[in-house]
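Just follow the structure's listing: the first ligand is 1, and inside any ligand the first atom is 1. This chain uses plain numbering: 1 for the first residue, then up along the sequence.
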Amino acid sequence: MQKPLVVITGASSGFGAEIAKLFNQEGYPLLLLGRRTEKIAQLPLNFQDVMIESVDVTDYQQFEKAIRKAEAIYGPVDLLVNNAGIMLLGNVQNQEPNEWQQMLNTNIMGVLNGMQIVLDQMIKRKHGTIINMSSIAGKKAFINHAAYVASKFGVHGLSETVRQEVSDKNVRISLVAPGAAETELLTHVTDQNALTDYQAWKNSMGGITLDPHYVATSVKFIYDMPQEVNIRELALAATRQDG
Ligand code: NDP
């Protein structure tokens with residue numbers, strides 16, 4: 001029997017790429033989204049039943065169009081992983097407000113967009129799972145992370161709200177809150193001082209951060225539970241991460 005459709009946002013690098021690999025190995029039809037589709041096309045995947053669409057998650061119409069296109073072929077989305085996100089470090093005194101806006105648009109509006117696009121059919125089917133990618137920065141503050149922390153606390157808050165709204169429809173809303181991991185996340189930071197502080201913090205942990213593979217296995221673990229069981233939140237970090 002054909003497995004149900006899995007949609008992963010931010011599949012072009014980091015956690016999203018690892019999550020794509022795991023579900024691909026198990027033969028799930030995939031819709032992989034990101035703006036840099038050429039990077040997705042280069043992932044080590046079996047591309048049978050893999051659809052790649054260029055989507056900016058802040059663009060509702062574009063996001064919805066891609067999902068409806070995949071659903072027309074593979075049936076309703078059973079798992080949406082709202083993973084796309086950005087982290088631009090800096091303190092509130094100096095940081096460009098435009099950077100706050102980018103983070104809030106991507107990390108919050110992008111997640112809300114994805115949820116609304118798939119929720120109707122999940123509620124009708126009384127089946128489906130949405131896993132939002134938050135962060136340890138969605139649970140506690142970190143210096144130089146004000147707008148990022150605000151966005152990830154937002155992801156925690158909105159996920160728990162929607163979880164309550166749809167729990168009686170047998171739809172699971174869950175989130176993963178990883179600690180620091182080696183991905184492309186830091187490559188967009190423009191504030192060199194904040195970047196230096198971040199690297200020093202990582203070095204203070206012996207330079208060991210979380211392997212993105214374990215974020216992917218956490219997502220898979222949540223999804224693999226029977227539909228009647230919802231792992232509401234899974235927080236993980238490198239053992240040596242202090243904060
Ligand atoms: P990466 O920078 O490696 O990946 C981010 C992904 O998000 C890319 O695939 C990027 O694709 C995509 N993306 C960013 N903006 C948009 C957008 N507007 N529309 C569509 N896709 C977008 O970082 P990570 O893998 O680390 O990040 C994944 C998630 O994990 C994020 O939500 C991040 O906040 C979170 N996280 C990361 C941690 C870490 O230490 N790495 C720790 C805790 C949480 P493209 O540029 O091709 O569009």
Pairs flagged by salt bridge (Lys or Arg N to Asp or Glu O under 4.0 Å) wherever residues 107-135 is involved - sequence neighbours left out | Asp78-Arg125
Assess the side chains of Ser159 and Asn132: does a donor N or O sit below 3.5 Å from an acceptor N or O?
-> yes
Establish, from distance only, whether the side-chain atoms of Gln164 and Glu160 form a donor-acceptor pair under 3.5 Å.
-> yes
Each residue besides Leu195 in its hydrophobic cluster should be listed here, by chain and number; the cluster joins Ile, Leu, Val, Met, Phe, Trp and Tyr at side-chain heavy-atom distances under 4.5 Å.
-> Ile86, Met87, Leu88, Leu89, Met103, Ile136, Phe142, Tyr148, Leu185, Leu186, Val189, Tyr198, Trp201, Met205
Tell me, please, which residues at least two apart from Arg232 pass side-chain hydrogen bond (donor to acceptor under 3.5 Å, both in side chains).
-> none
Ser134 and side-chain hydrogen bond (donor to acceptor under 3.5 Å, both in side chains): which partner among Lys139, Glu233, His156?
-> His156
With hydrogens left out, which residues have an atom under 4.0 Å from ligand 1, given that only heavy atoms count?
-> Gly10, Ala11, Ser12, Ser13, Gly14, Phe15, Gly34, Arg35, Arg36, Val55, Asp56, Val57, Asn83, Ala84, Gly85, Ile86, Thr106, Met133, Ser134, Ser135, Tyr148, Lys152, Pro178, Gly179, Ala180, Ala181, Thr183, Glu184, Leu185
